[in-house]
Number of protein chains: 2
Amino acid sequence: MSLKIGILDDHPVVVEGVRSLLERNGFQVLWTAQDLRSALNNLRADTDLVLTDIQLPDGDGMQFCKEVKKRFPHVLLIGFSSFHDGSFVRNMFRNGASGYVLKESGEEVLLHVITEVVQGRNAIDPKISEYVITGGPGAETNRIVLTRREKEILQLLADGLSSKEIGDKLFLSVKTVEAHRTNMLLKLDASNVAHLIKIAYEKALI
Amino acid sequence: MSLKIGILDDHPVVVEGVRSLLERNGFQVLWTAQDLRSALNNLRADTDLVLTDIQLPDGDGMQFCKEVKKRFPHVLLIGFSSFHDGSFVRNMFRNGASGYVLKESGEEVLLHVITEVVQGRNAIDPKISEYVITGGPGAETNRIVLTRREKEILQLLADGLSSKEIGDKLFLSVKTVEAHRTNMLLKLDASNVAHLIKIAYEKALI
DNA sequence: TGAAAAATAGGGGAATACCCCTAGACGGTC
DNA sequence: GACCGTCTAGGGGTATTCCCCTATTTTTCA
């Protein structure tokens, strides 16, 4: 029995392209839609899987996923979009999606992700999987070297402790803690501790 | 030609278990090691793939990945461990790993991840893939709702701007910016802006 | 063993964050 | 119409950060 698929994308060209691709590969395209509302109207309990764009004229893919999962928890969802931001992908998964494919990727990528998802696994387009998993551009990120003490203090700063509290905890003078903090601000080119924490997250130091 | 694999784990029982599993499935186990240093000594250019534990007597899997990728960039790496923390997994990928498998998972999971990795894709044990992708226990984490203005100010705070600078940028009084900031501190139960940024990252609000 | 890096600690001062309080304006909702 | 949440903005005070400066001790590593 072939997989019953729904397609949601506001560009008719994309819808037709995906439809023909899927049907060529033995899938059954049950319905298509150009906007969120008609997609929810088209949605039937016998739908196995929905491919959905993220940007829609009357909402976004995250809302759609949430709503679909509420009505029909068994329906599988795959995000299908151009890539803008890792947080989009993460939010799709938070709202129930099991897969994510870039529009720019080829047929074999889409088919592979569908196969994975149908078998109960999560799958992300290889082009962005590393970015999504690691949460940032991993490449030249690791040039910054913090000392052991600096890392220790950085962690406590991230937990919201003041210099005084950190000093008490580590049996250090407030001035020592401030010195380490200042050094980290210089090393990471941060303008204050909030900025420092952000940079530390981006560079995976936390 | 069968895949040439190395195994690094400090428990001999695990090493032998994995070895027999792999050999039963047509792979060739080229070498095994119980610690980081001897693994690096054993490492040869004709190794295709290494399975590595995270906790090691003389270091950790992250260091190992980094070092392996530096010497032999073509060698594929798969983390193999019990699960403690999503940041371990993310850091393994940051340092060059392409896959991650839980020790508690069965044979078929390990074989599937190996297959994916060999074909050039990243793969994570399905048991933790959602957790790793979304960056947290997705369930009730998403109750926090920041308003548009708050998100806007949060982003600028993360970029290291002071309340005064944000006020200038958004044509707001310093007092207004401070009010929004205070509300976010209350909403996210943060003790200062540094803590706020950390929580925002954990909850994927940034 | 000698130099470099890291960790320690201080003084002093301007800027900012953080906390308490109040309060009007505006949009949506029951 | 009354309520709620958001956005706006103020007064005033304490705590903390952030910046300049110096300086000793400890650790690391070539």
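Letters A, B, ... mirror the listed sequences (proteins, then strands); counts begin at 1. Basis for what follows: all heavy atoms, side chains included, without hydrogens, waters or symmetry-related copies.
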(request) Select base, sugar-phosphate, or nothing to describe what A/Val174 touches, counting heavy atoms under 4.0 Å on all strands. (result) nothing
(request) Using heavy atoms to find the nearest nucleotide of DNA chain D for B/Glu150 and B/Glu178 separately, return the residue whose nucleotide is more 5′. (result) B/Glu150
(message) Check the phosphate of D/dT8 against B/Ser173, side-chain N and O only, distance under 4.0 Å to OP1 or OP2. Yes or no?
(response) no
(message) A side-chain contact here means heavy atoms from C-beta on lying under 4.5 Å apart; do B/Phe80 and B/Ile7 qualify?
(response) no
(message) With a 4.0 Å limit, can you tell me whether B/Thr176 has a side-chain N or O closer than that to the phosphate oxygens OP1/OP2 of D/dA9?
(response) yes
(request) Flag the pair B/Asn192 / A/Ser162 as yes when at least one side-chain heavy-atom distance between them is below 4.5 Å, and no otherwise. (result) no
(message) Quick one, B/Lys4 and B/Thr47 - any side-chain contact, counting heavy atoms below 4.5 Å?
(response) no
(request) Give the nucleotide from the list C/dA17, D/dC18, D/dA9 with an atom nearest to the side chain of B/Leu172. (result) D/dA9
(message) Reading DNA chain C from 5' onward, which residue's closest nucleotide shows up sooner: A/Ala179 or A/Lys175?
(response) A/Ala179
(request) Kindly point out which of C/dA17, C/dT16, C/dA7 is positioned nearest to the side chain of A/Arg148? (result) C/dA7
(message) Is there a side-chain contact between B/Val177 and B/Leu170 in this structure, where contact means two heavy atoms from C-beta onward sitting under 4.5 Å apart?
(response) no
(request) Would you indicate what A/Thr182 reaches in the nucleic acid, counting non-hydrogen atoms under 4.0 angstrom: base, sugar-phosphate, or nothing? (result) nothing
(request) Assign B/Asn192 to base, sugar-phosphate, or nothing according to its heavy-atom contacts below 4.0 angstrom with the strands shown. (result) sugar-phosphate
